[in-house]
Amino acid sequence: MTRKQEPLEFWKDWRLYFLILCIVLVAELVGPIDFSVGPGVISLLPLLIAFAIGFGLYFTPIIKEKQSKNAQSFVTLSISLLVAKIGGTIGPAIDTIMEVGPALLLQELGNLGTIILALPIAILIGVKREAIGMAPGIGREGSVAIITEKYGFDSPETRGVMSMYVFGTVFGAVFFGVFASFLAAFTPFHPLSLAMASGVGSTSMMAAASGSLIPAFPAYENEIVALAGASNLLTMITGIFVLTFIALPLTLKLYQMFTKRKSPNASSKMDAGE
Amino acid sequence: MLKNIQEWSVVLVIVGVIVVLGNWLGFGVMPFEAIPGMLILVLICLAGLFIGKILPFNLPSMIYIAVLGVIVSLPATPGSEYVVHATDQIDMLAITTPVLAFAGIAIGRRWADFRKLGWRVIVVGFCVLSGTFLGSAIIAEIVLQVQGIV
């Protein structure tokens, strides 16, 4: 019990529980706040408000160093509730998922597109091991859980996936809303393909992306909504497996390949840069 | 082991209570309607964490939790109708809110490191989002064309 010099085990931190309760209640009362920007809608969901309050409180005396340290241990455990919930939404949708079939399953592998595009660029601009957390996926809850559990909270990999998580949380919905309508207007993609691609991120990203496809393809409204939803469900479950067994190993291999090639001058770049 | 289970249970139950209250305020579901579903989710988590701990494979417990969630909600599983109805009372976003509140507090300590990443996060972030979307759309397009659906 007294192996480490922690004054208290993390799970007995009642002050933290109370603070989280207050933050959650305030966030749920305030949000969501919607405002539209061009073709997309920025939705400030309660989760974003909660994140902002928690983050802001860290810089006040209300949060002591101990609470912040303990909060790390709580992230993984509380995410597991979310994973259980997502798992529970798959069962009832199993018929839909069977119907739409192989295209829907295979497009999950399209998530690997991020590695091909993002990893070389990340390394090129001087990101180091953080890139391993950033590149292999869109960095939603499941990715955060896996990377955090594999590398530990204080690792550069976790910093990478966390920064991607925050980035996606803040910009994901509006980016996907604009990007989807851009692709609908300027590329020959079929609306069904774009609908499936809409499901690659969080639920709010999916809503923004599929929502902005509908004005472009009004005849396909029902198909777009159904396929985006099914794809979103699939991503949440298969995303964990694709990340663990394909994306993360692939990222590690490519990372080693890329960094070996430019290793002579790579080591000091990040520390010296801004 | 016992101590782990005790820790997990305390944390999950307390976070569960917070979620149920947030679910009430944010989504208008009365707590007594949400409690059975929350208990089911807590039990799934505990089972998944336990399995992850005792099995020798080095897999994240999240995978066991996800698989258990799917299994108990499949129409073929006895009692799944009740499980689905009960867990439906809890909105996914209501669970996400406390998760992010914890993350916000925890991230505060990492702010200096996070800022060191700075503009790079924005560049890589746009590549990640657009790469994922494009990759999925391209594969879906190819498969749908091969199947002759489009």
Side-chain angles (χ1 to χ4, degrees), chain A residues 11 17 20-21 23-25 27-29 46-47 50-51 54-55 58 63 68 71-72 74-75 77-85 87-88 90-92 102-103 106-107 109-111 113-114 117-118 121-122 125 127 134 138 145-146 149 159 163 167 175 189-190 193-194 196-197 200 237 240, chain B residues 7 10-12 14-15 18 22 25-26 41 44-45 60 62-63 65-66 69-70 73-74 80 84 87 92-93 95-110 113-114 117-118 120-121 123-125 127-141 143-144 150:
Chain A
W11 55 286
Y17 291 125
I20 293 295
L21 176 64
I23 294 173
V24 167
L25 295 185
E28 293 291 356
L29 274 177
L47 58 105
F51 182 87
F55 181 75
Y58 173 79
I63 302 276
S68 178
Q72 294 174 6
F74 283 100
V75 174
L77 265 176
S78 49
I79 285 178
S80 68
L81 279 176
L82 195 61
V83 175
K85 164 71 189 171
I90 294 293
L106 281 172
Q107 61 90 28
L109 294 178
N111 291 2
T114 178
L117 190 64
I121 290 176
I125 62 174
V127 181
M134 290 162 103
I138 210 158
I146 287 172
E149 197 173 324
R159 217 148 54 228
S163 58
F167 178 84
F175 178 82
F189 280 116
H190 193 273
S193 311
L194 291 177
M196 287 186 204
V200 291
I237 287 301
I240 295 176
Chain B
E7 283 178 14
V10 172
V11 172
L12 289 172
I14 291 173
V15 175
I18 296 172
L25 267 192
L41 292 183
I44 293 172
C45 290
M62 295 302 148
I63 290 190
I65 295 171
V70 174
S73 67
L74 280 174
S80 67
V84 170
T87 52
M92 193 177 72
L93 291 173
I95 308 177
T96 320
T97 306
V99 171
L100 276 235
F102 281 122
I105 292 176
I107 290 270
R109 288 177 70 229
R110 297 273 147 257
D113 300 326
F114 185 73
L117 286 172
R120 295 181 174 93
V121 175
V123 174
V124 181
C127 294
V128 166
L129 294 187
S130 46
T132 306
F133 197 100
L134 270 179
S136 284
I138 290 170
I139 293 186
E141 186 79 24
V143 178
L144 287 175
V150 302

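First the proteins, then the strands, lettered A, B, ... as listed; each starts at 1.
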Contact origin within A:I63 toward chain B - heavy atom pairs under 4.5 Å: side chain

Can you say whether A:Y58 sits under 4.5 Å from chain B via the side chain, the backbone, both, or neither, judging by heavy atoms? side chain

Taking A:L81, A:L29, A:L82, A:L117 one by one, which has the highest count of heavy-atom pairs under 4.5 Å against chain B? A:L81

What pair of heavy atoms forms the shortest contact from A:T114 to B:V128, and how long is it? OG1-CA, 3.2 Å

Working to the nearest 0.5 angstrom, can you tell me the gap between A:S80 OG and B:I95 CD1? 9.5 Å

Looking at CG of B:L144 and CZ of A:F189, how far apart are the two atoms once the value is rounded to the nearest 0.5 Å? 11.5 Å

Does any N or O in the side chain of A:S68 come within less than 3.5 Å of the main-chain N or O of B:I105, such that one atom is a donor and the other an acceptor? yes

Turns out that what part of A:I121 lies under 4.5 Å from chain B's heavy atoms comes down to side chain

Can you tell me which of B:S130, B:G131, B:S73, B:G69 forms the most heavy-atom pairs within a distance under 4.5 Å of chain A? B:S73

Contacting region of B:S80 [heavy-atom separation from chain A under 4.5 Å]: neither

Measure A:Q72 against the heavy atoms of chain B and call it side chain, backbone, both or neither at under 4.5 Å. both

Under the criterion side-chain contact (heavy atoms from CB on, under 4.5 Å), I'd like the reasoning laid out for A:K85 against B:I44: C-alpha separation, chi angles, the key distance, then a yes or no. CA-CA 9 Å; A:K85 164 71 189 171; B:I44 293 172; over 6 Å; no

Correct closest heavy-atom pair for B:E141 and A:H190 would be OE1-N, 2.8 Å

What distance separates A:F175 CZ from B:L129 CG, expressed to the nearest 0.5 Å? 5.5 Å

I need the minimum non-hydrogen distance between A:V127 and B:R120, along with the two atoms involved. CG2-CD, 3.5 Å

Show the nearest heavy-atom pair for residues B:A137 and A:S193, with the distance to one decimal. O-CB, 3.7 Å

Name the member of A:I79, A:L21, A:V75 that forms the most heavy-atom pairs with chain B at distances under 4.5 Å. A:L21

Which bit of B:V11 comes within less than 4.5 Å of chain A, counting heavy atoms only: side chain, backbone, both or neither? both

Counting heavy-atom pairs under 4.5 Å with chain B, which one of A:L194, A:L106, A:I146 comes out on top? A:L106

Contacting region of A:L25 [heavy-atom separation from chain B under 4.5 Å]: both

Would you check, one step at a time, whether the test side-chain contact (heavy atoms from CB on, under 4.5 Å) holds for B:I14 with A:F74? CA-CA 11 Å; B:I14 291 173; A:F74 283 100; over 6 Å; no

Identify the heavy atoms of A:E28 and B:G26 that sit nearest to each other, and give their distance. OE1-CA, 3.3 Å

Heavy-atom pair count under 4.5 Å with chain B, highest-scoring of A:S78, A:A122, A:A145: A:S78

Looking at A:L109, A:V200, A:I240, which one has more heavy-atom pairs under 4.5 Å with chain B than the rest? A:V200

With chain A, the option among B:I138, B:L25, B:V15 that has the most non-hydrogen atom pairs under 4.5 Å is B:L25

Chain A interface, residue from B:G135, B:G104, B:P98 that has the most non-hydrogen pairs under 4.5 Å: B:G104

Once you round to the nearest 0.5 Å, how far does CD1 of A:I138 lie from OG1 of B:T132? 4.5 Å

Shortest non-hydrogen contact from B:V84 toward A:G88: CG2-O, 4.4 Å

